[in-house]
Amino acid sequence: MENNLKTIDKVQELQRKLYLKAKSQPNFRFYALYDKIYRIDVLKKAWQKVKTNHGSPGIDGKTIEDIEKKGTEEFLKEIQKELRTEEYRPQPAKRVYIPKTDKKMRPLSIPTIKDRVVQMALKIVIEPIFEADFEDNSYGYRPKRSAQQAAKEIHKYLNYGLNKVAETDLEDCFGSIPHRELMDMVAKRIVDRKVLHLIKLFLKAGVMEQKEIKKDEKGTPQGGVISPLLANIYLNQIDKGYKSLNKCARLIRYADDIVILTRYNAEKTLYQLQQLTDKIKLKLNPKKTRIVNTEKESFDFLGYSFKKALNPKKTKKVAYYYPSQKAEKEIKEKVKRITNPKRPIKTEQVIEELNPVIRGWVNYYRIANSSRKFGKIKWYVANKVRKFMVRRKNKKGYGYKEYPDEYLYKELGLYNDYTISWMKA
């Protein structure tokens with residue numbers, strides 16, 4: 001354990017030095033980074049992060065367990081040797097499709113675990129450099145930043161009076177970022193040719209779909225460890241560009257999802273954003289682009305609904321945010337699946353599966369004005385658990401008398417902490 005802590009401390013110290021150097025010298029270009037990527041302590045840290053994230057195997061079929069059986073030390077030493085001798089070549093990522101809420105399919109690219117470890121080591125080394133340059137309006141896939149922080153920021157600016165909102169997202173963002181222009185952005189900070197070559201290898205590795213390798217001159221495939229960082233490096237042009245264009249509006253970005261808040265002309269803010277995205281060869285999604293006056297209607301962002309309404313004293317309008325209808329529907333669908341009476345499992349296992357799902361959902365929305373929604377979900381969950389137990393006994397009814405709240409929460413241990421943040425404080 002002590003050795004692991006020392007390893008983490010050394011890696012964190014490396015990251016801290018890189019960040020401070022980049023922050024203090026905005027025009028400095030880093031030229032000696034490649035040897036740090038294959039440092040054994042960096043590779044160990046990368047392995048731990050990949051292992052913690054779990055994930056499916058790539059095209060080679062190797063799992064975390066397979067690698068551990070053969071020996072992690074040997075696995076990392078082999079990676080170190082390949083990187084040091086510049087013999088390392090990533091394999092194509094495995095293409096899989098996952099359903100989206102609009103019933104369309106989202107393509108994911110799953111690298112092998114070996115490639116994920118190398119990507120993570122690369123990310124560990126170069127991320128602090130670019131973090132020093134990123135604007136504070138960007139919240140997606142960044143250390144110590146979250147969707148909750150973005151939601152709080154929107155809430156704050158709505159209360160400042162920026163009531164007109166343009167909401168949009170970038171169409172096929174991860175699949176549309178041009179490689180040459182992306183590498184130009186990376187090269188503004190990194191001139192180590194070996195690091196640049198390694199990034200190019202990942203961009204050019206392609207994906208394996210139906211036993212055919214497909215490659216493109218654009219895109220940072222979703223599913224890769226390094227892809228979100230590369231996307232943020234490229235999209236930082238939007239953050240910096242908009243900041244210089246419009247001092248009276250506030251742009252909030254979470255990966256490829258964007259909202260702009262203003263007091264005045266929302267159409268103008270959207271037009272300015274359109275000009276920026278055209279310049280960097282990206283497009284706004286017309287189906288997800290609209291302008292909202294929050295004093296008249298709500299808008300959704302990152303699972304929250306935002307709207308301005310009269311405060312309890314009915315003296316002025318204030319901003320409220322709470323779980324969106326879509327978020328409520330999704331959690332109910334998850335609960336329904338877990339508590340399906342046809343599942344051949346015991347009640348204890350239902351509770352074991354249910355609790356982390358409910359806890360995660362509640363913790364995410366705890367920061368908002370969620371009391372009413374929490375009450376609805378608490379009632380829904382309790383009734384679904386009762387129905388599971390009643391139906392498994394081939395009985396009818398709702399089970400209120402047989403399984404009162406006290407039994408559900410104290411005897412079964414069903415999750416029951418639905419308080420919101422300000423109530424806990």
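Numbering of residues begins at 1 and proceeds along the displayed sequence.
One N or O on the side chain of Asn355 and one on the backbone of Gly413 form a donor-acceptor pair closer than 3.5 Å. In this structure, the side chain of Lys240 engages the main chain of Asp133 through a donor-acceptor pair within 3.5 Å. Panel note: side chain Asp300, backbone Gly303; no donor-acceptor pair is recorded below 3.5 Å. A donor-acceptor pair under 3.5 Å links the side-chain atoms of Arg189 to the main chain of Ala22, judged by distance alone. Judged purely by atom type and a 3.5 angstrom limit, Asp239 has no side-chain atom pairing as donor or acceptor with the backbone of Glu135. Here the side chain of Asp115 pairs a donor or acceptor atom with the backbone of Gln91 at under 3.5 angstrom. Between the side chain of Ser176 and the backbone N or O of Cys173 there is no donor-acceptor pair closer than 3.5 Å. Asp257 places no side-chain N or O within 3.5 Å of a backbone atom of Asp169 that could act as its donor or acceptor partner. Of the possible polar contacts, none joining the Glu209 side chain to the Arg95 backbone as a donor-acceptor pair under 3.5 Å is found. Thr63 places a side-chain N or O within donor-acceptor distance of the main-chain N or O of Asp66, the cut-off being under 3.5 Å.
No hydrogens or angles considered: a donor-acceptor pair under 3.5 Å links the side chains of Gln274 and Asp278. Looking only at atom types and distance, the side chain of Glu353 has a donor-acceptor partner in the side chain of Gln349 under 3.5 Å away. Side-chain atoms of Ser305 and Ser324 include no donor-acceptor pair closer than 3.5 Å. Side-chain N/O atoms of Tyr242 and Gln237 include no donor and acceptor closer than 3.5 Å. In this structure, a donor-acceptor pair under 3.5 Å is absent between the side chains of Asn236 and Arg253. In summary, the side chains of Lys410 and Asn416 do not present any donor paired with an acceptor at a separation below 3.5 Å, with no hydrogens or angles considered. When only modelled atom types and interatomic distance are considered, Asn163 and Lys308 share a side-chain donor-acceptor pair under 3.5 Å. There is no side-chain donor-acceptor pair under 3.5 Å between Gln15 and Tyr19.
In Lys317, the NZ atom is crowded: over 12 heavy atoms of neighbouring residues, nucleotides or ligands sit closer than 6.0 Å. Around CZ of Arg372, the count of heavy atoms belonging to other residues, nucleotides or ligands within 6.0 Å does not exceed 12. When the shell of 6.0 Å around CZ of Phe28 is examined, it contains more than 12 heavy atoms from other residues, nucleotides or ligands. Atom CD of Gln325 is surrounded by 12 or fewer heavy atoms from other residues, nucleotides or ligands within 6.0 Å.
To the nearest 0.5 Å, the span separating CG on Leu251 from CG on Leu276 amounts to 9.0 Å. Separation of atoms CD1 (Ile377) and CH2 (Trp379) is listed at 10.5 Å; rounding is to 0.5 Å. Rounding to the nearest 0.5 angstrom, the gap separating the CD1 atom in Ile126 from the CD1 atom in Ile233 is 5.0 Å. Here the CD-CD1 distance, from Gln149 to Ile154, works out to 12.5 Å after rounding to the nearest 0.5 Å.
Under a 4.0 Å N-O distance rule, the pair Lys288/Glu167 does not qualify as a salt bridge. With respect to Arg16 and Glu13, a salt bridge is recorded, a charged nitrogen being found less than 4.0 Å from a carboxylate O. Remark: Asp192 does not engage Lys194 in a salt bridge, criterion side-chain N to carboxylate O under 4.0 Å.
Qualifying ring-ring contact (aromatic ring centres under 6.0 Å, His included) partners for Tyr88, counting only residues two or more places apart in sequence or in other chains: none. For the side chain to side chain donor-acceptor pair (under 3.5 Å) test, no residue two or more places apart in sequence or in another chain qualifies with Thr277. Judged as a salt bridge (Lys or Arg N to Asp or Glu O under 4.0 Å), and not counting sequence neighbours, Lys307 has no contacts. Under the ring-ring contact (aromatic ring centres under 6.0 Å, His included) criterion, His179 pairs with no residue, sequence neighbours left out. Among residues two or more places apart in sequence or in another chain, the salt bridge (Lys or Arg N to Asp or Glu O under 4.0 Å) test is passed with Glu82 by Lys114. Partners of Tyr364 by ring-ring contact (aromatic ring centres under 6.0 Å, His included), not counting sequence neighbours, listed by chain and number: Tyr304. Under the ring-ring contact (aromatic ring centres under 6.0 Å, His included) criterion, Tyr409 pairs with no residue, sequence neighbours left out. The salt bridge (Lys or Arg N to Asp or Glu O under 4.0 Å) search around Glu352 returns none, not counting sequence neighbours.
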Requested in this report: In sequence, state the C-alpha distance, the side-chain angles, and the governing distance for Ile67 and Ile64, and then conclude on side-chain contact (heavy atoms from CB on, under 4.5 Å).
Outcome: CA-CA 5 Å; Ile67 292 166; Ile64 296 285; 5.6 Å; no
Query - Step-by-step side-chain contact (heavy atoms from CB on, under 4.5 Å) determination, Arg116 to Gln119 - result: CA-CA 5 Å; Arg116 294 211 287 272; Gln119 286 190 31; 5.6 Å; no
Report task. For the pair Asp417 and Arg366, evaluate salt bridge (charged side-chain N to carboxylate O under 4.0 Å, His left out) and give the outcome as yes or no after the intermediate values. Result -> CA-CA 10 Å; Asp417 183 6; Arg366 202 187 290 280; 3.6 Å; yes
**Report entry** Chi angles and distances behind the side-chain contact (heavy atoms from CB on, under 4.5 Å) call for Thr294, Lys164
**Finding:** CA-CA 6 Å; Thr294 56; Lys164 295 179 176 62; over 6 Å; no
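Relative to the ring axis of Tyr380, Lys332 places its NZ or CZ within 45° and under 6.0 Å from the centre.
For the pair Phe374/Thr419, no side-chain contact is recorded, criterion being any heavy-atom separation below 4.5 Å from C-beta on. Counting heavy atoms from C-beta outward, Phe130 and Val186 have side chains that approach closer than 4.5 Å. Put simply, the side chain of Glu73 reaches to within 4.5 Å of the side chain of Lys44, judged on heavy atoms.
Judged as a ring-ring contact (aromatic ring centres under 6.0 Å, His included), the pairs with a partner in residues 32-64 (not counting sequence neighbours) are, in order, Tyr34-Tyr38, Trp47-Phe75. Applying the side-chain hydrogen bond (donor to acceptor under 3.5 Å, both in side chains) test to residues at least two apart or on different chains, none of the pairs has a partner in residues 21-33. Applying the salt bridge (charged side-chain N to carboxylate O under 4.0 Å, His left out) test to residues at least two apart or on different chains, the pairs with a partner in residues 49-61 are Lys51-Glu68.
You'll find the ring centres of Phe301 and Phe299 outside the 6.0 Å limit. Here Tyr321 and Phe306 bring their ring centres to under 6.0 angstrom of each other.
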Residues 217-224, side-chain donor-acceptor partners within the protein, below 3.5 Å, at least two apart:
| residue | atom | partner | partner atom | Å |
| --- | --- | --- | --- | --- |
| Glu217 | OE1 | Lys204 | NZ | 2.9 |

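Taking the six-membered ring where tryptophan is involved, the planes of Tyr160 and Tyr157 are perpendicular, since the angle between them exceeds 60° and thus also 30°.
Of the candidates Arg250, Lys144, Lys243, Arg142, Arg250 is the only one forming a salt bridge (Lys or Arg N to Asp or Glu O under 4.0 Å) with Asp136.
Across all non-hydrogen atoms, the minimal contact from Asn159 to Ala319 is OD1-N, 2.8 Å.
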